[in-house]
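So that the names make sense, note that chain A is the first sequence line, chain B the second, and so on, each numbered from 1.
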Amino acid sequence: MNSFDEIKKFLREYDGPKVRLMEVCGTHTASIASNGIPSMLSDNIRLISGPGCPVCVTVTAYIDKLVELAMNPDNTIVSFGDLLRVRGSAKSLSDAKAEGADVRMVYSPSQILDMAAEDKNRTYIFAAVGFETTAPVYALLLEEAERRNISNVKLLTSLKTMPEVIRWVIGSRTDETPIDGFLAPGHVCAVMGADMFRDIAAESSIPFVVSGFEGPQILASIYELVKLRGKGVVENLYQTVVTPKGNVKAQKMMDRYFEPCDASWRGMGKITGSGLILRAQYSSRDAGSDGLDVDAAGNGCRCASVLTGAISPTGCPLFGKTCTPRDPHGACMVSQEGSCYNWFISGRTR
Amino acid sequence: MCVAYPGTVIEVKDHSAIVDFTGTKVEALTGLEDVKKGDRVLVHAGCVIRVMPEEEADETEEIFRELASLTVEDMKERPGR
Ligand code: SF4
C-alpha cells in the first residue's frame with residue numbers, strides 16, 4: 001500500500017472520520033495551492049493554513065515603526081519584497097517610498113552589507129521578519145557586519161518562533177474547528193531539528209509530519225497524518241534535509257545574537273516566549289524593536305481568523321470582492337505565502 | 001524567501017559560495033554551514049542553511065524510499081514511537 005498511485009487513491013476515496021490538518025508554513029501553503037492538492041483529497045480531509053507566513057503575522061505597530069524610520073531622510077529601509085505592500089495603521093512602506101522615502105528590496109543579506117559599506121553616511125535598517133529559518137540569517141548578517149567593520153547596519157526585528165504559537169493554536173481549537181494533525185514546517189525543522197515538536201505532539205496527542213515541498217511529498221505527508229490521527233508522535237518524511245537535531249551551527253549563531261522574548265502576533269495578541277529579540281550587548285544594532293505590540297488592523301479584515309484556521313479565506317466577506325492581490329486589505333492577501341493570496345490565485349474553494 | 005529545492009555549489013569563496021539553480025546562479029553566505037564545490041545545498045534568504053547528504057539524488061524518489069518502510073500494518077509497532 002505504498003506506491004504513489006495507491007496513496008493518491010487512498011486520499012481521494014478516504015471515507016473515515018473527518019480530519020482537519022494544518023500546514024504551518026507559508027511555503028507549504030503556496031505549494032499546496034500551485035499543485036492543486038485540495039482537489040485531490042476526499043471531502044473528509046480538509047487543509048487549513050496556520051500562522052507560518054512571516055509577513056501575515058506582523059502587527060501594525062511594526063509596519064508603523066518601519067514607516068516612521070523610512071521617513072527619516074538619513075535612513076534606508078531594506079526588506080525582502082513581500083513586506084512593502086502591507087499596510088500599518090495608515091501607510092505601507094510602498095506609500096512611504098512614493099512620498100520619497102528610501103526603501104529598497106533585496107534578495108540576500110550580502111546586498112545590504114555592500115550598500116552600507118559604500119555609503120557610510122546613511123543607516124541601513126533591515127526589516128527583519130521571519131521564523132527560526134531566517135533568524136540565523138540575520139545573525140550571520142550582523143556577524144558579517146562586525147567582521148567587515150560596517151557599523152551603519154541595523155535591524156528592526158519582528159522575529160517569531162514556532163513552538164509557543166503552535167501551542168496557542170492548539171489551545172484555541174474548538175469542537176467546530178479541531179486540528180487533527182500538523183504538516184510541520186520543513187525549513188524551520190531543517191534548522192531546529194524534527195525533535196522540536198516532540199513535546200507538543202506528546203502533550204496534545206496530535207501528530208506532526210515534517211514534510212518537503214514538492215506535491216508528492218506533501219501528499220505523502222497528508223497520507224501519514226491521516227494514518228497517525230490521534231497519536232502524539234513526530235514523523236520525519238523530509239530526511240534528506242531534516243535531522244532530529246537540525247543545524248547546530250545555525251542554532252548557535254542565532255543564540256549568540258538573539259534571546260527569547262514575548263512577541264505580538266496579528267490577531268492573536270502577545271504570546272509568551274514566542275519571539276526573538278537582539279541581546280542587550282547588541283542593542284546598538286537594534287532600530288527600536290521592543291514594545292511594537294499594537295495591532296490595529298481594521299477595515300473588516302479577518303486575517304486573524306484565517307491565520308488560526310477558524311475560517312478559510314473564502315469565509316471572509318471581503319475575499320475576492322474588495323480584497324484582491326491587486327488591492328489587498330490584509331497581509332494574508334499581500335504575501336505570496338499568504339493563504340488569502342494563494343486561495344485567490346489558485347481559485348481554491350475548499 | 002525560501003527556495004524549496006536544492007542548488008549545487010559551483011564556486012567556494014571566503015565567506016560565500018556561488019550556487020547554481022538549474023542555470024540561475026546566486027551568491028549565498030556560507031557562515032551557517034561548511035560547503036565545498038559540488039555540494040547540493042538549500043538556500044534561504046541568501047544563505048546556505050543546509051548541505052544535503054551526497055547520496056540522495058532525487059527528493060521525490062527519496063520520499064518513496066522513506067515511505068516504503070511505512071506499511072499500514074507496522075504503523076502500530078514501529079520502533080521509536
Ligand atoms: S480576504 Fe482580505 S480582508 Fe479577508 S481576511 Fe484575507 S486579507 Fe483580510
Exercise. Does a sphere of radius 6.0 Å around CG in A:Asp114 hold more than 12 heavy atoms from other residues, nucleotides or ligands, not counting ones at 6.0 Å or beyond?
Worked result: yes
Seminar exercise, completed: Of B:Ala28, B:Gly31, B:Cys47, the largest count of non-hydrogen pairs under 4.5 angstrom with chain A goes to B:Gly31
Exercise. For A:Glu144, is it the side chain, the backbone, both or neither that has a heavy atom under 4.5 Å from a heavy atom of chain B?
Worked result: side chain
For this session: Answer whether the closest heavy-atom distance between the side chains of B:Val26 and A:Ser108 falls below 4.5 Å.
Result: no
Problem set entry | Taking every non-hydrogen atom, the tightest pair across B:Arg50 and A:Thr243 | NH2-CG2, 3.3 Å
Exercise. Under a 4.5 Å heavy-atom cutoff, which of A:Ser31, A:Pro136, A:Ala190, A:Gly26 has the most pairs with chain B?
Worked result: A:Pro136
Exercise. Can you check whether B:Leu32 reaches A:Lys249 side chain to side chain, under 4.5 Å on heavy atoms?
Worked result: no
Seminar exercise, completed: Looking only at heavy atoms, the pair that brings B:Ala45 and A:Thr134 closest together is CB-CG2, 4.2 Å
Report, one line per pair, each donor and acceptor closer than 3.5 Å where one atom sits in a side chain of residues 8-17 of chain B; sequence neighbours left out.
| residue | atom | partner | partner atom | Å |
| --- | --- | --- | --- | --- |
| B:His15 | NE2 | A:Arg147 | NE | 3.4 |
| B:His15 | NE2 | A:Arg147 | NH1 | 3.1 |
| B:Ser16 | OG | B:Glu27 | OE2 | 2.7 |

Problem set entry | Side-chain donor/acceptor of A:Asn247 to backbone N/O of B:Ile49, under 3.5 Å | yes
